[in-house]
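Quick note on labels: first sequence line is chain A, next is B, and so on, each numbered from 1.
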Amino acid sequence: MKFDKSLIATLREDPKEAETKNHRLLLRGGFIRQVASGIHTYLPLGWRILLRISNIIREEMDRIDGQELLMPAISPKELWEESGRWQEYGEDMFRLKDRKDREYCLCPTHEEIVADTARHKIRSYRDLPQIWYQIQTKFRDEPRPRSGVLRSRQFIMKDSYSLDCDQAGLDKSFNLHKQAYEKIFKRCGLDFVIVDASSGLMGTGESKEFMALVAGGEDELVICQQCDYRANIQVAEGKGLSASFADIPLEQIATPEKRTVREVTEFLNVPAQNLVKSLFFTAVKKDPILILIRGDYEVNEDKVARLIGHGYEPASAEEIKSVFGAEPGYIGPAGMGKLKIYADDLLLDAQGMITGGNRDGYHVRGLNLGRDVRVTEYADLRKVRSGDRCLKCGGKMTIESALELGHIFKLGTKYSISLGANFLDEKGISKPIIMGSYGIGLERIMACACEQKSDDRGAVWPISIAPFDIHLTILNPNEDIVKNTSADVIRLLTKAGFSVIIDDRDVSAGIKFNDADLIGIPIRVTVGPKGIKNNQLDIHIRETGETHSATQSELVAKCIEMRELLYRRING
RNA sequence: CGGGGCGUGGCGCAGUGGUUUAGCGCGCAUGGUUCGGGACCAUGAGGUCGUGGGUUCAAAUCCCACCGCCCCGACCA
């Protein structure tokens, strides 16, 4: 492909809407173009990357006997009503009507369509297991699209679905996917970890996330420095450090204008673990609840949701005032026996604690949870902190920022039951199909490669997903000798099977080199009058910055060698 | 949805009531000199100043409403 005839528009300056590294690079290099918030055109360079990623995914999915199909991007309301998700999905779902006023959605995911297909096509245990997958556009009206292509409203996902007779079959399909995913991300040249994850509203089964460690990721991971425990902070558990204080009688203490943990600890000169934070949550049509957490920890709302159900939100100041008779910052559990009170298990047997006095400007000292509070249930409700100890090995755990690349989970029968996707087993008994669901965000792989592999000059694409193998830079393209040599070089490289982008624009060398660095093709070959005089062509490796020279007759062999070297660095 | 910021040629920005033709850099077009890490000269094209309303003799500039985009938070199968 010729550079000057292609739809490549590199930008010399950073577009102002881009703040994260991947977003800046993808825009500046002319890989993507934003059309609306969270909606992009994938320009030729970006699309070639996505195609290469798709191919890797296809190869690995086919290897585990996945069958590629394509489901519609649009589907009728009725299917979603059967599963209950027409309601559940709420505003995140794009909805539309046809001319006859029939309602549809733009699919945010495809479990319903899969279950619908299965109920029509799967009859017997003899038809199972199945793995169906597609690479397709998804639509989610995210409340806040961000970071370019990382969280967008229209994006490409490889989603697959396993159908099995029983739990053992599901386990097998799940493990096949886990292995396939490891290969996929490795082949794409990414650094990633596999962590325990929350399955959210999708189901209650086991769930793993494939996470890329990148600065400024949307997720936080808890990683044990000693053993292999890795978990999303949403589900991570750790051994908290216990703290004990002298058991003294309950007494009120004046703490004027001291509301936050920090203010109170500084004012009273006590450590944060001497405090009990009281968090009041309300929900529509449910009893309000009080959560107690030690002062040095934060509440993990995912854990709360799993314990008491979804829908709870922090209460408003007015609600707090009316129930506790005090402003936020001064509320506490003492004397609130009529409320349901859930306490973090680090507070079990806690005594001598300080907490809100349910009176403006006052806290109480000497709180003994067993004596003064009627706790409904103790449970792990805290967010793991850096430095907490691992439950498995006691090692120190740290918290890292990460980006979700893929998510696999065991769905079970949620959709097969609600949509009636059943099969007859060996005994002729009708049973619901056991499903699994597995996703990979294609753009996220592209963006993540930018985050992990680029440098201050531009992108550095892993050879496996680069839009081209070779960037051919032709200097002084109007000189006859250069014209002739470059024509020969193009013929040689193309014949050898390389994909080549040819930059023979009549602009200065610096512009071409800078554009090449920005676009990030792994191998750059330079043809110019100086080199030709010495019978030399330059081969420059984008990743390492090393430059080799080769004669025209050595060129292809040298490029093949470099390409293999780059592949080996990825695949080991 | 809460908080903050921004909308001016393709891109990045300046201009915050009054030199009647709205600037600058980059890019773009034409001609010429250059040519191994973002060259130079000359000429030129390109703008409903986000949209609508209002104030005023006069609005890119002041007021109101709306729209769009970005960031933080909430939310996120």
Side-chain angles (χ1 to χ4, degrees), chain A residues 9-20 23-24 27-28 30 33-39 80 83-85 88-93 105 107-112 114 138-148 150-153 155 157 159 161 197-205 207 209 216 218-219 232 234 301-302 305 310-311 313-314 316 404 406-409 411 414-415 435-439 441 457-458 473-479 482 505-518 524 526-534 536-538 540 545 547 549:
Chain A
T10 55
L11 304 172
R12 188 176 285 206
E13 289 167 282
D14 282 335
K16 65 170 175 179
E17 73 260 30
E19 290 206 353
T20 53
H23 195 190
R24 279 204 313 270
L27 286 171
R28 275 196 65 197
R33 207 187 94 75
Q34 177 156 316
V35 174
S37 178
I39 298 175
W80 297 83
S83 71
R85 289 210 288 186
E88 227 172 87
Y89 239 105
E91 300 225 282
D92 281 7
M93 192 182 248
C105 70
C107 295
T109 174
H110 279 78
E111 283 78 12
E112 280 78 359
V114 167
K138 297 278 188 280
F139 300 87
R140 293 180 195 174
D141 194 0
E142 292 286 345
R144 188 182 154 208
R146 77 187 83 172
S147 191
L150 273 192
R151 178 164 290 274
S152 52
R153 297 192 296 168
F155 58 98
M157 183 187 240
D159 47 324
Y161 304 86
S198 160
S199 46
L201 297 171
M202 280 295 279
T204 48
S207 157
E209 283 170 331
E218 291 192 316
D219 287 280
N232 192 308
Q234 294 174 325
E301 291 185 30
D302 295 277
H310 290 85
E313 285 183 9
S316 67
E404 181 185 351
H407 197 165
I408 58 179
F409 36 128
L411 278 183
K414 174 169 176 179
Y415 298 94
M435 288 174 60
S437 162
Y438 316 87
R457 306 190 63 82
T473 312
I474 301 171
L475 307 178
N476 296 29
N478 295 322
E479 290 185 28
V482 176
R505 289 177 296 169
D506 189 15
V507 296
S508 75
I511 291 178
K512 287 188 254 202
F513 288 139
N514 280 314
D515 272 347
D517 288 344
L518 178 61
R524 187 183 81 210
T526 303
V527 179
K530 274 192 195 169
I532 294 172
K533 273 176 209 132
N534 305 320
Q536 265 189 8
L537 300 162
D538 294 338
H540 178 263
T547 302
S549 58

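Phosphate proximity of B:G27 to A:Arg12: present, with a side-chain N or O under 4.0 Å from OP1 or OP2. Listed pair A:Ser508 / B:G38 fails the phosphate criterion, with no side-chain N or O lying under 4.0 Å from OP1 or OP2. At B:C76, none of the side-chain N or O atoms of A:Gln234 fall inside 4.0 Å of OP1 or OP2 (strictly under the cut-off).
Note on A:Leu475: a base of the nucleic acid sits closer than 4.0 angstrom, heavy atoms only. Within 4.0 Å of A:Glu112, counting heavy atoms only, lies no atom of the nucleic acid at all. Using a 4.0 Å heavy-atom cutoff across all strands shown, A:Met93 reaches no nucleic acid atom at all. Contacts of A:Thr526 with the nucleic acid, taken as non-hydrogen atoms under 4.0 Å apart, include base atoms. Note on A:Glu218: nothing from the nucleic acid sits closer than 4.0 angstrom, heavy atoms only. Residue-level contact check: A:Arg33 touches neither bases nor backbone, having no heavy atom under 4.0 Å from any strand. Residue contacts for A:Arg28: at a heavy-atom cut-off of 4.0 Å it reaches a base atom on one of the strands shown. Within 4.0 Å (heavy atoms only), A:Gly531 reaches at least one base atom of the nucleic acid. No contact: A:Pro108 has no heavy atom under 4.0 Å from any strand. Using a 4.0 Å heavy-atom distance criterion, A:Ser147 is classed as a sugar-phosphate-only contact. As judged by a 4.0 angstrom heavy-atom cut-off over every strand, A:Lys512 is placed among residues making no nucleic acid contact. Counting non-hydrogen atoms under 4.0 angstrom, A:Asp517 reaches a base of the nucleic acid. Residue-level contact check: A:Ala36 touches the backbone only, with heavy atoms under 4.0 Å from sugar-phosphate atoms and none from bases.
For B:G37, there is no paired base (Watson-Crick or G-U wobble, both distances below 3.5 Å). Base pairing annotation: B:A22 forms no Watson-Crick or G-U wobble pair, as no partner gives both donor-acceptor distances under 3.5 Å. Searching all strands for a Watson-Crick or G-U wobble partner of B:G27 with both distances below 3.5 Å returns nothing. Base pairing analysis places B:G52 opposite B:C64; the two distances defining the Watson-Crick or G-U wobble pair are each below 3.5 Å. In this entry B:G46 has no Watson-Crick or G-U wobble partner, no candidate having both defining distances under 3.5 Å. A 3.5 Å limit on both hydrogen-bonding distances identifies no Watson-Crick or G-U partner for B:G9. In this entry B:G73 has B:C1 as its Watson-Crick or G-U wobble partner, both defining distances falling under 3.5 Å.
Spacing between B:A58 and B:C70 at atom P, rounded to whole Å, works out to 38 Å. Rounded to a whole angstrom, the distance from the C1' atom of B:U16 to that of B:C63 is 14 Å. Remark: the separation of the C1' atoms in B:U61 and B:C71 is 26 Å, to the nearest Å.
For A:Glu142, the salt bridge (Lys or Arg N to Asp or Glu O under 4.0 Å) partners two or more places apart in sequence, or in a different chain, are A:Arg151. For A:Ser147, the side-chain contact (heavy atoms from CB on, under 4.5 Å) test picks out A:Thr20, A:Asn22, A:Leu150, with sequence neighbours left out.
The separation between A:Asp141 atom CG and B:C76 atom P is 15 Å, rounded to whole Å. The CD atom of A:Glu209 sits 14 Å away from the P atom of B:C76 (whole-angstrom rounding).
Between A:Arg28 and A:Pro15 the shortest heavy-atom distance is CG-CD, 3.8 Å.
Side-chain to base pairing of A:Arg524 with B:G37: one donor and one acceptor N or O lie within less than 3.5 Å of each other. Counting distance only, with no hydrogens placed and no angle test, the side-chain atoms of A:Glu13 and the base atoms of B:G25 include a donor-acceptor pair under 3.5 Å.
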